[in-house]
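A short worksheet on the structure shown next.
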Amino acid sequence: MFEGTDSAVVVVVAAAEGAVSAHRARFDPASVWGVPAHVTVLYPFVPPAELDEDVLRNLGDAVRTVPRFRAEWNTTGWFDEDVLWLAPDPAEPFRALTRAVFRAFPDYPPYGGEFQDLMPHLTVARDGTPTELRAVERQVREHLPISMLVTEVHLMCGSDAPNSWRTIRSVELGGSPHDEVEEIRA
């Protein structure tokens with residue numbers, strides 16, 4: 001139904017682009033593929049050829065079980081010395097989104113079941129020397145904190161070809177439009 005070899009459910013963090021986009025373009029292949037700054041909810045997800053109205057409806061039902069929330073990125077984190085990332089606070093609502101979507105789609109464990117403890121994160125850089133990545137970390141920290149109201153997830157499809165990833169559906173989290181207006185005014 002949709003183009004690409006892979007799909008993913010993500011929270012796009014547009015508020016972080018100013019702090020991370022240049023670094024991601026250099027040190028994160030996903031950026032070259034067209035994937036924006038994001039926190040992964042579930043990857044890999046249903047293959048693009050199998051995305052139909054039932055899948056989209058079930059995804060929406062799962063995502064709406066989690067209320068919208070405000071998140072901040074105040075600190076950096078590391079996976080070994082290979083991957084630099086931003087840590088969302090609070091992390092629990094991101095975990096709740098992953099659990100909800102995985103419950104609805106149990107054939108698609110997060111990261112193919114490769115990791116036991118899922119740490120919500122926004123990848124900044126992963127393909128560089130430790131010295132390069134430490135310099136990136138210092139530069140990114142100057143832009144923290146980053147804050148945003150998380151109101152939706154994006155279902156994206158693409159491949160490892162440059163600029164191939166596209167949002168095919170945005171799905172609103174739970175809550176009412178009134179809640180969102182109050183958060184924005186605060």
Side-chain angles (χ1 to χ4, degrees), residues 1-17 24 30-31 33-73 85-123 146-161 163-186:
M1 183 175 186
F2 299 100
E3 292 184 27
T5 57
D6 294 301
S7 72
V9 179
V10 302
V11 171
V12 173
V13 186
E17 287 292 349
R24 288 186 68 241
S31 176
W33 303 336
V35 180
H38 69 281
V39 174
T40 300
V41 173
L42 193 61
Y43 173 85
F45 192 56
V46 177
E50 297 175 26
L51 293 171
D52 58 21
E53 287 305 316
D54 286 339
V55 169
L56 298 174
R57 183 174 39 260
N58 290 338
L59 176 61
D61 291 346
V63 167
R64 283 188 289 279
T65 66
V66 178
R68 59 181 51 123
F69 60 96
R70 181 161 293 287
E72 289 192 351
W73 288 262
W85 46 272
L86 298 180
D89 182 31
E92 183 52 36
F94 292 99
R95 286 188 180 102
L97 279 168
T98 297
R99 286 191 303 267
V101 176
F102 178 48
R103 270 194 305 272
F105 299 92
D107 291 339
Y108 301 96
Y111 299 102
E114 186 176 347
F115 306 105
Q116 292 299 317
D117 182 28
L118 297 179
M119 176 64 64
H121 64 280
L122 186 157
T123 299
I146 297 166
S147 179
M148 70 176 261
L149 181 64
V150 178
T151 61
E152 64 186 2
V153 300
H154 292 241
L155 173 58
M156 298 187 74
C157 292
S159 69
D160 60 3
N163 298 311
S164 65
W165 282 79
R166 301 281 183 265
T167 295
I168 60 164
R169 179 74 52 103
S170 296
V171 181
E172 293 284 324
L173 274 66
S176 69
H178 177 71
D179 297 336
E180 183 176 348
V181 170
E182 286 183 355
E183 281 288 334
I184 290 171
R185 286 186 196 150

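No experiment lies behind these values; they were computed from the predicted model shown.
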Grab the two heavy atoms, one from M156 and one from V10, that are nearest each other, plus how far apart they are.
SD-CG2, 3.9 Å
Any chance you could measure E17, atom CD, to R24, atom CZ, to the nearest 0.5 Å?
6.0 Å
Looking at R68 and E152, is there a salt bridge between them, counting it only when a charged N and a carboxylate O are closer than 4.0 Å?
no
Without swapping roles, check the side chain of S164 against the backbone of S159 for a donor-acceptor pair under 3.5 Å.
yes
What heavy-atom pair brings D6 and P48 nearest, and what distance separates the two atoms?
O-CG, 3.4 Å
Distance from H154 atom NE2 to I168 atom CD1, nearest 0.5 Å?
12.0 Å
Which atoms form the tightest heavy-atom contact between A71 and P90, and what is the distance?
CA-CD, 4.3 Å
Could you check whether any side-chain heavy atom of V39 comes within less than 4.5 Å of a side-chain heavy atom of L97, counting everything from C-beta outward?
no
Please examine the side chains of T167 and L155, heavy atoms only from C-beta on, and report whether any two atoms are closer than 4.5 Å.
no
Would E92 and R99 pass as an ion pair if we require N to O under 4.0 Å?
yes
Please report the closest heavy-atom contact between M148 and V12, naming both atoms and the distance.
CE-O, 3.4 Å
Between T123 and W85, what is the shortest heavy-atom contact and its length?
CA-CB, 4.1 Å
Heavy atoms, side chains only, cut-off 4.5 Å: are W73 and D89 in contact?
no
Report yes if the side chains of P88 and E72 come closer than 4.5 Å at any heavy-atom pair, otherwise no.
no
Considering the options V153, V171, T98, which one meets the side chain to side chain contact (heavy atoms under 4.5 Å, CB included) requirement together with V9?
V153
Under a 3.5 Å distance rule, please check whether W33 uses its side chain to pair with a backbone N or O of N163 as donor and acceptor.
no
Smallest heavy-atom separation, A37 atom then L122 atom, equals CB-CD1, 4.2 Å
May I ask you to check whether F105 and F45 place their ring centers less than 6.0 Å from one another?
yes
Are side-chain heavy atoms of L118 and Y111 found at a separation under 4.5 Å?
yes
Roughly how far, to the nearest 0.5 Å, is the CZ atom of F102 from the CZ atom of R95?
15.5 Å
In this structure, CG of L51 is separated from CZ of R169 (nearest 0.5 Å) by 9.5 Å
The reported gap from OH in Y108 to OG in S7 (rounded to nearest 0.5 angstrom) is 8.0 Å
Rounded to the nearest 0.5 Å, how far does CG of N58 lie from CG of D52?
9.0 Å
